[in-house]
Amino acid sequence: MEGRLGQNSVPPSTSFDKSKILDVKPLRSLVPVFPTSPQAPPFVCAPPFGPFPSGFSPFYPFSGSQTSSDYNGPSGTTPTGPFPAPIRSFRRPPPEFAGASNDETASSMEGLNEDGFSEGKKRALRGSSSSQKKTRRSRNTELSLSGFKGKGFDASALVGIGDLQREDGDRDIVNCVLMTFDALRRRLSQLEDAKESTTGIIKRADLKAGNILMSKGIRTNTRRRIGVVPGVEIGDIFFFRMELCVVGLHAQSMGGIDYMITRGDFEEEPVALSIVSSGGYDDDTDDSDILIYSGQGGNFNKKDMQVADQKLERGNLALERSLRRNNEVRVIRGLSYSPNSNVKVYVYDGLFRIQESWTERGKSGANIFKYKLVRVPGQPSAFALWKSVQRWKEGFPSRVGLVLPDLTSGAESIPVTLVNDVDDEKGPAYFSYFPTVKYSKSFSLTRPSYGCNCQNACSPGDLNCSCIRRNEGDFPYTGNGILVSRRPMVHECGPTCPCFPKCKNRVSQSGIKLHLEVFKTKDRGWALRSLDPIRAGTFICEYAGEVIDKLRVSETREEVQNDEYVFDTTRVYDSFKWNYEAGLVEGESSSDCYEDYAIQDPLIISAKNFGNVARFMNHSCSPNVFWQPTIYEQNDQSFVHIAFFALRHIPPMTELTYDYGIAQSAQAESKNPLNGKRKCLCGSLKCRGSFG
DNA sequence: GTAGATTCACAGTG
DNA sequence: CCACTGTGAATCTA
């Protein structure tokens, strides 16, 4: 805990003058906060999605009542009044796209909880047989809907997707489809990891998962459209091309240009809908509102690296036509980010228009089409935010509001920045940074320890490994350290296991890997966010603090109740679905897909005096993080830790939140409903109003 | 040890 | 049913 700030003029957190620091209690709730920076003025919210002038409606080539004249200029999306807004605060447009079906769309959403998963699946709208068109079955795509086979059951009913939602999505449906995709992908990846390397069957769990969802109708926004895709917001991130397909943002699984044939005045012609800029070319410009995009084609015969002139056909022709028509084109930027530069993330960057096109002679001498795209005014720029964050991570000197470069004073292997660009407060109330959980000596919540016998690293599928056996035979993490499923307990290897410290079954004990940041909010005290994009299932941090002996809980009840920095497994938590749908995996029934997380031993941790970044995570009724008990042996005993994992993909700079649950005492004392509770400011549509 | 190159098995749409 | 579009992960190479 010694300050390592040395030459820095900023004092280490341990030497804060308490008297100068207000005792700020985090109000603990969430509204995403968008940073202001000198480089980028506050975003102007001119929502790509309205409010639309009355009479405005999106252009559909196949609907007779619309004409392309609606798109004759930026006026259709002119902001009605600029105001600073968090980048992710955009709300979907009123579902006027679906015509007069608003009511039905809304009512069918009631069964969805904040994760977009249906709790009452039975009442899901029954799909017609449209999705039952004969699906190609590659030899590897053989799968059975166990339990549903032959009953005429629409698989998409598993996740509550009706016909309407399949054609036109919204935020909840998009989330639901993405969560289903990733849960299935993780499971397939886990199954693949567990196989002998020579008999591998699923080399590409992402493609397989996408294929299953597409063929089962678990997808949305199948209606091809120009412009906004309902439910997808600027700044949303994706980690697989198939994710773009299943939410209808970009229908090509590989191709960079998505287009559709539309009926022009006299003849059919292609119109570009969306492009994925994968960064392979020197598309980069300093101005994040401009993108230079290269056409497709011209590389045949990859082996010899032979190239040919690109032709004005397919995607290139569509872009050319879209230049003339001046229609909006969705732009998805494929970016690779340090330090994991082999992982690519796709960022939805909003609507652009093609301003000009030309041909260029490429390095190899062949002609390449080039298109200049310009951002439709009034939209936030996800890419500009991305570039700012990159500069901050490189230690860009003049970041506004930077209070401390490392709040942990070196206690974590990666610095945690402390930022306040809201007011003058110099930091949160005093506490000692401690990276893990502290059990008191005489603590009873322990078990005798026993590790595995694996040399080197424990390998998935090895049932000789006792650590894996304790996880019901499943290796809890995928090869790149992503949690596969929630479960009552994750058993990790511990210090006495002979396997390497790099063993993949040590994810939650290896400390923080993300560049996290504690920041001041306008109305909810201090909060936590990440500068790095986060994949669903990524370990974020554990809840560090002092464990309160359960035998002493009653005598310290008062104390615990007034402690705002407390984590308590005995609270009442809303259940939610995160694991894969067993019905989508060959040979698995719903009992294989347990989602039980009742914890055996109650655990209460106070981070009031000792804690880590987790103590700054606020509550939300629509959280993006969840907790998962993990256990590993330590000094001949094993202790339960609370590990936090990303519930879904989380874009950079988005506040991290989890569900605090409701204290049982607060529930019982119903005389005063706000007793022990605090007003919730999470701003979610599904906000319960209070928490704690 | 790390960054770049190579290899391999693939899915959706026109 | 073919043509067309690269992708993501693992492995090899410099």
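Heavy atoms only: backbone and side chains are in, while hydrogens, waters and symmetry mates are out. Here is the naming used below: chain letters follow the sequence lines, and residue numbers restart at 1 for every chain.
- Note on A:Tyr259: every side-chain N or O is 4.0 Å or more away from OP1 and OP2 of C:dC4.
- Comparing B:dA11, B:dG12, C:dG8 by their nearest atom to the side chain of A:Gln252 picks out B:dG12.
- Rounded to whole Å, atom P of C:dG8 lies 7 Å from atom CZ of A:Arg241.
- Checking the phosphate oxygens (OP1, OP2) of B:dG12, a side-chain nitrogen or oxygen of A:Asn211 falls inside 4.0 Å.
- Here B:dT13 presents its C1' atom at 11 Å from CZ of A:Arg219, a figure rounded to the nearest Å.
- Atoms CG (A:Leu213) and P (B:dA11) sit 14 Å apart, rounded to a whole Å.
- The listed nucleotides are C:dT7, B:dG12, C:dA9; the one nearest the side chain of A:Lys344 is C:dT7.
- With A:Asn221 contributing its side chain and A:Val247 its backbone, the two residues share a donor-acceptor pair below 3.5 Å.
- Place A:Asp258 and A:Lys502 on DNA chain B by their nearest nucleotides, and A:Lys502 ends up nearer the 5' end.
- A side-chain N or O of A:Ser294 and one of A:Lys370 form a donor-acceptor pair less than 3.5 Å apart.
- Look at A:Ser278 and you'll find a side-chain N or O under 4.0 angstrom from OP1 or OP2 of C:dT7.
- Of all nucleotides listed (C:dG8, C:dC4, B:dG14), C:dC4 comes nearest to the side chain of A:Arg314.
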**OP:** Given salt bridge (Lys or Arg N to Asp or Glu O under 4.0 Å), test A:Asp168 with A:Arg225 step by step and report yes or no.
**Re:** CA-CA 10 Å; A:Asp168 300 286; A:Arg225 72 195 75 219; 3.1 Å; yes
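- Using a distance-only test at 3.5 Å, with no hydrogens or angles considered, no donor-acceptor pair links the side chain of A:Asp236 to the main chain of A:Tyr348.
- The CG-P distance, from A:Asn480 to C:dA10, rounds to 7 Å in whole Å.
- In this structure a side-chain-to-backbone donor-acceptor pair under 3.5 Å is present from A:Arg241 to A:Gln252.
- For B:dG14, one of the phosphate oxygens OP1 or OP2 lies less than 4.0 angstrom from a side-chain nitrogen or oxygen of A:Arg224.
- Here the P atom of nucleotide B:dG1 and the CZ atom of A:Phe500 are 12 Å apart, to the nearest Å.
- In terms of polar N and O atoms assigned as donor or acceptor, the side chain of A:Arg204 comes within less than 3.5 Å of the base of C:dT7 in a complementary pairing.
- A:Lys203 places its NZ atom 12 Å from the C1' atom of C:dG8, with the value rounded to the nearest Å.
- A:Phe238 has its CZ atom 18 Å from the C1' atom of C:dG8, to the nearest Å.
- Toward the 5′ end of DNA chain C lies the nearest nucleotide of A:Gly256, the other residue of the pair A:Gly479 and A:Gly256 mapping further downstream.
- As rounded to whole Å, 11 Å separates atom P of C:dA9 from atom CZ of A:Phe239.
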